[in-house]
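Residues: numbered from 1 along the sequence shown.
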Amino acid sequence: MTQTDSSARVEPAIEALEAMIDGNSPDPYPVYARLREEAPVAWSPKMNAWIVSRHADVGRVFTDEEHFGPRFAEMSSSAIYGRTILHMTGTEHRRKSAILAKELRSPRLIKGDYKQMVLDIIDECAEDFDDAPAVVDLKTTLTSIVPLAVIGQLMALMDATAFPDWYHRIVAASVSNVTGDPEIHARGVKAREDLFEFVTPKIDARRESPSEDLLSTLVTTEFEGETLSDDEVRSFTAFLMSAGIETTDRAMVNLLVALMVNPDEWRRLKDDPSLAVSAIAEGLRYRAPVQGAVRDAVKEVELGGATIRPGERLFLALGAANHDPEAFDDPGRFDIGRFTESSGGQFTQAAMLRSFGGGSHTCTGSLVAKVEMEEMLLHLLENYDRLEFAGDVPRDIGFYLRSPASLEVHMHPAAG
């Protein structure tokens, strides 16, 4: 079956998925299970895309660059940032992603300067929420602040005081805008234009007098004879300062909620903090902050029993892939020790997780996100005996990006 068969029946599991697009579904995972069982690769008229839900099929789409590639077009896509490494392939992608990887994946920087930067930012946050009222929203006081401050310092753009508003509007207009709402798109375009206007004189200044920051690296670094154009630097900046903040924030909130709902796992982690990275990886699997990725078919190809034609869109259901029992034993159980033997590998192309993408387009900033989340988690484990919900367990909201809107807690300091 192809999407061009006008008489083709819409699979009931696809109808169930389409009913979740408003982002208010309390629990998408039973629907994901139906997709894997009943319609692992099936056409969604509402999303105008093939929905791919099994772990193996999602992995194939990420890695089979002969048949599948990134998408750069239309409203409700990552094109809102401009053209970035998300949209590049082959030699161009390898060369230009290497410019970012030079810093964002440098073991020396990750273990040294970046780690210390994160620790300093967390200490500043702790001063605020330790003096706060009895109820603390850890999202607004910690998980949102840390990645925003890290990116701002890495780029040396701490004077971008309007940036929180810009990035929220840009992210909302990106792949989160599943239905292509024109008003959301227009707000995102205006935010991107404002950001570009802000960063353009910074680019000019760095070209004349580069410093030791990521923006200077983007402007000046030459890899195999190529540097980034000004348009690419602007687009890369918009992408880094949006996706690099939003996803880490949501991932940390989701992890903390899972640990609070499963207090035995919190206590297990308190007793053995060496499980922190495995716990982070499990949080990313169990409740992935990014629930989907989009690709195009480059050539006609068979996938999961469906014939997919060139130019057709695929929506990779990462949340479904991360709960596939063919890939993960008892996937509905939150187990902080699941990745004990392979925790570091979950932040690389070798990952079993589908939360960071896959293949050559595995998230370049995943190691920075790992440092941010690990140090936030270790700080809380060291300083607090337990965290307690201030009210009901917060509901996840969202379709493409999914997490609670806030995380209000009572924090119980560790004895002594």
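- Using bins of under 30°, 30° to 60° and over 60° for the plane-to-plane angle, the ring pair Tyr286/Phe334 lands in the tilted bin.
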* Test His55 against Phe328 for ring-ring contact (aromatic ring centres under 6.0 Å, His included), laying out the working first. => CA-CA 9 Å; His55 186 276; Phe328 303 102; 5.5 Å; yes

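- Residues that satisfy the side-chain hydrogen bond (donor to acceptor under 3.5 Å, both in side chains) test with Asp392, not counting sequence neighbours, are absent from this structure.
- Taking 4.0 Å as the cut-off between side-chain N and carboxylate O, Asp330 and Arg333 count as a salt-bridged pair.
- Using modelled atom types, one finds no donor on one side chain facing an acceptor on the other under 3.5 Å when comparing Asp137 with Ser406.
- Atom CG of Leu380 and atom CG of Asp385 lie 12.5 Å apart (nearest 0.5 Å).
- The distance between the ring centers of Phe236 and Phe239 does not fall below 6.0 angstrom.
- Note on ring orientation: taking the six-membered ring where Trp is involved, the planes of His379 and Tyr384 are tilted (angle from 30° to 60°).
- Using a distance-only test at 3.5 Å, with no hydrogens or angles considered, a donor-acceptor pair links the side chain of Glu265 to the main chain of Ile336.
- At distances below 3.5 Å, at least one donor-acceptor pair connects side-chain atoms of Thr362 with backbone N or O atoms of Gly359.
- By the neighbour-count criterion of 12 heavy atoms within 6.0 Å, atom NZ of Lys270 is densely surrounded, having more than that number from other residues, nucleotides or ligands.
- The environment of CD in Glu302 is crowded: more than 12 heavy-atom neighbours from other residues, nucleotides or ligands sit within 6.0 Å.
- Nearest heavy-atom pair across Leu218 and Val233 is O-CG2, 3.8 Å.
- The side-chain hydrogen bond (donor to acceptor under 3.5 Å, both in side chains) check on Arg234 picks up Thr200, Asp231, with sequence neighbours excluded.
- Residues satisfying the side-chain hydrogen bond (donor to acceptor under 3.5 Å, both in side chains) test with Glu66, not counting sequence neighbours, are Lys299.
- Aromatic ring orientation, Phe198 versus Trp166: tilted (interplanar angle from 30° to 60°).
- The environment of Asp271 atom CG is dense: over 12 non-hydrogen atoms of other residues, nucleotides or ligands sit within 6.0 angstrom.
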Got a list of side-chain donor-acceptor pairs under 3.5 Å for residues 14-26, not counting sequence neighbours?
from: Glu18; atom 1: OE2; to: Ser44; atom 2: OG; distance (Å): 2.6
from: Glu18; atom 1: OE2; to: Lys46; atom 2: N; distance (Å): 3.0
from: Asp22; atom 1: OD1; to: Asn24; atom 2: N; distance (Å): 3.0

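- Side-chain contact between Pro404 and Arg395: absent, with no pair of heavy atoms (C-beta onward) separated by less than 4.5 Å.
- Checking side-chain atoms of Asn262 against main-chain N and O of Ala258 turns up a donor-acceptor pair under 3.5 Å.
- With contacts defined as side-chain heavy-atom distances shorter than 4.5 Å, the pair Asp213/Met155 does not qualify.
- Pairs of residues two or more places apart, or lying in two chains, that qualify as salt bridge (charged side-chain N to carboxylate O under 4.0 Å, His left out) and include a residue from residues 250-262 are Glu246-Arg250.
- Contact of the Val41 side chain with the Ile308 side chain is registered, since non-hydrogen atoms from C-beta on lie closer than 4.5 Å.
- At least one side-chain heavy atom of Asp335 sits less than 4.5 Å from a side-chain heavy atom of Arg268.
- Residues meeting the side-chain hydrogen bond (donor to acceptor under 3.5 Å, both in side chains) test with Tyr400, sequence neighbours left out: none.
- By the 4.0 Å N-to-carboxylate-O rule, Arg386 lies close enough to Glu388 to be salt-bridged with it.
- Phe339 does not carry Arg285 over the face of its six-membered ring by the limits of under 6.0 Å from the centre and within 45° of the normal.
- Between Arg313 and Asp296 no salt bridge is recorded (no basic side-chain N to carboxylate O distance below 4.0 Å).
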